[in-house]
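Here the structure comes first, spelled out in structure tokens, and everything after it is commentary.
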There are 2 protein chains.
Amino acid sequence: MKKFIPLLKRTKLFAGVADEEIGAMLTCLDAKMGAYKKGEYVLRQGEHLSHIMVIVEGELHIQRDDYWGNRAIVNRIAVGQTFGEAYVSPESGALLNDVIAVRDSTVIFFDVRKILSVCSAACRFHSMVVQNLFFAISEKNRSLVQKLGHMSKRTTREKLISYLSEEAMRSGSASFTIPFNRQQLADFLSVDRSAMSNELCKMRDEGLLEFDKNQFKLL
Amino acid sequence: MKKFIPLLKRTKLFAGVADEEIGAMLTCLDAKMGAYKKGEYVLRQGEHLSHIMVIVEGELHIQRDDYWGNRAIVNRIAVGQTFGEAYVSPESGALLNDVIAVRDSTVIFFDVRKILSVCSAACRFHSMVVQNLFFAISEKNRSLVQKLGHMSKRTTREKLISYLSEEAMRSGSASFTIPFNRQQLADFLSVDRSAMSNELCKMRDEGLLEFDKNQFKLL
DNA sequence: CTCTTTTTGTTGTAAAAACAACCGACTTGT
DNA sequence: ACAAGTCGGTTGTTTTTACAACAAAAAGAG
């Protein structure tokens with residue numbers, strides 16, 4: 001687990017915590033590691049979560065499949081990001097979604113109760129982690145609201161424009177790469193893949209944008 | 001402001017804090033009160049927020065109107081609930097939505113920085129409020145995910161079933177009252193009002209549910 | 001109580017999306 | 001290298017939605 005300390009240091013969760021402190025905290029917070037193959041479930045809807053997870057390798061999707069096989073991708077968790085902050089609260093019920101590895105992934109789990117309760121040991125930075133956790137969930141909250149902004153658009157085209165504009169804004173350039181393939185993007189925006197593909201090509205023909213695979217350019 | 005202390009005591013934010021402490025904290029946290037008429041804007045998209053608000057009278061909608069007049073209702077804030085927790089983080093940018101009073105409303109604002117920094121005075125319960133704030137945003141996070149669950153449904157009917165099921169679940173009964181009129185519900189689910197009204201009546205005719213104004217019963 | 005405004009339901013039409021089926025290009029594994 | 005699988009695009013059909021316009025009922029104002 002130690003080899004991930006430099007990476008952990010750069011995460012939002014451990015921002016401002018010294019290297020040597022992180023090592024101590026791994027013990028203090030009862031950190032456990034898990035490895036998942038591509039396509040494997042990390043957590044399943046209905047489970048009760050007692051740990052917060054930080055992803056240190058790979059990529060996860062928070063998603064949900066309904067009875068008819070429609071998949072909705074709620075969110076994407078990349079290296080350095082966390083999942084489970086929203087389930088820290090004692091009143092939070094069962095997990096609403098599945099968490100699945102979209103690539104071979106490694107995850108470190110931290111015991112929630114140990115994070116929230118003050119520890120006696122060397123964790124001078126404990127309270128900073130609590131505040132970081134707050135900022136992390138705060139950021140996730142804003143990202144969910146932004147996603148709602150895309151989903152509340154009526155047409156596939158508007159959803160695409162809303163999403164792609166955000167990605168362009170985030171990357172700070174009209175050219176950018178999205179972290180989804182077509183099917184995943186369709187599941188993320190909750191539209192039909194073929195209809196979306198069709199719409200993308202129409203938009204390209206109209207000169208609104210260019211794309212090649214996951215590389216997009218807004219014009 | 002004092003008359004709201006009993007109410008504040010029952011909010012999630014001040015859970016576990018004694019009456020007399022709340023009075024002290026109102027000063028300590030630099031609480032300010034604001035009154036808003038029905039239809040008035042409390043906050044506007046693009047503003048920068050430095051306060052967390054607790055609503056003590058009335059009802060607010062978090063919403064966004066686009067260029068073409070389409071309104072999307074992101075969330076509803078009722079008495080005792082908070083808004084702005086997600087904008088506490090220093091990196092959080094401008095407000096993504098408008099906040100509007102749907103009824104005459106009264107709001108108490110708390111200075112964010114004073115909440116997050118440790119105060120010297122009588123606020124023994126300060127750290128409890130920080131944790132409560134965490135739980136509040138955590139709950140809001142889950143509610144956003146649930147809303148995404150409704151919005152990710154493809155048809156108006158499915159969205160309605162998803163939403164109404166949740167409301168039934170929450171009320172613990174097949175009969176329940178929703179906090180929206182038809183137009184607001186349509187804006188909340190991001191569908192056309194007339195189409196939704198039509199769908200609701202079809203579902204009633206098929207024997208799926210009964211309703212009278214905002215009162216619904218699932219069968 | 002009466003007039004006005006708001007809310008809800010209804011209908012028809014045009015636009016858009018979902019769905020299904022298929023093809024070719026590209027990957028991957030053996 | 002070859003077979004199997006994945007991925008993105010295309011097309012046609014059916015279903016659903018948005019939009020617009022209107023009517024009836026309810027709520028609210030004076």
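Reminder, nothing fancy here: chain letters follow the sequence lines and each chain counts from 1. As the structure is a prediction and not an experimental result, all values here were calculated from the model. Side chains included, hydrogens not; waters and symmetry mates left out as well; all remaining heavy atoms used.
- As a whole-Å value, the separation of B/Q183 CD from C/dT8 C1' is 11 Å.
- For the pair A/D30 and A/K32, the salt-bridge criterion is met [side-chain N within less than 4.0 Å of a carboxylate O].
- When the nearest nucleotides of DNA chain C are assigned to B/N198 and B/R182 by heavy-atom distance, the more 5′-ward of the two goes with B/R182.
- Side chain of B/K38 to backbone of B/S105: no donor-acceptor contact under 3.5 angstrom is found.
- Spacing between atom CG of B/D205 and atom P of C/dT8 amounts to 18 Å, rounded to whole angstrom units.
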Heavy-atom protein contacts under 4.0 Å, nucleotides 16-30 of chain D, coded B base, S sugar-phosphate only, - none: SSSBB-----SS---
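- A side-chain contact (heavy atoms from CB on, under 4.5 Å) with A/M53 is found for exactly one of A/T82, A/L60, A/I108, namely A/L60.
- Residues B/R71 and B/D65 are paired through a salt bridge, judged by an N-O separation under 4.0 Å between the basic side chain and the carboxylate.
- In this entry the distance linking CZ of A/R103 with P of C/dT28 reads 13 Å, nearest Å.
- When the P atom of D/dC7 is taken as reference, atom CG of A/L185 falls 14 Å away, rounded to whole Å.
- Atom CH2 of A/W68 and atom P of D/dT15 are 17 Å apart (whole Å).
- Residue A/L200 contributes atom CG, which lies 16 Å from atom P of D/dC7 at whole-angstrom precision.
- Here the P atom of nucleotide D/dG8 and the CD atom of A/Q215 are 14 Å apart, to the nearest Å.
- For A/N181, a side-chain nitrogen or oxygen approaches OP1 or OP2 of D/dC7 to under 4.0 Å.
- If you measure from atom NZ of B/K38 to atom C1' of C/dT5, you get 11 Å, rounded to the nearest angstrom.
- Salt bridge B/E206/B/K202: absent, no basic N to carboxylate O contact under 4.0 Å.
- A salt bridge is absent between B/E210 and B/R204: the closest approach of a Lys/Arg side-chain nitrogen to an acidic carboxylate oxygen does not fall below 4.0 angstrom.
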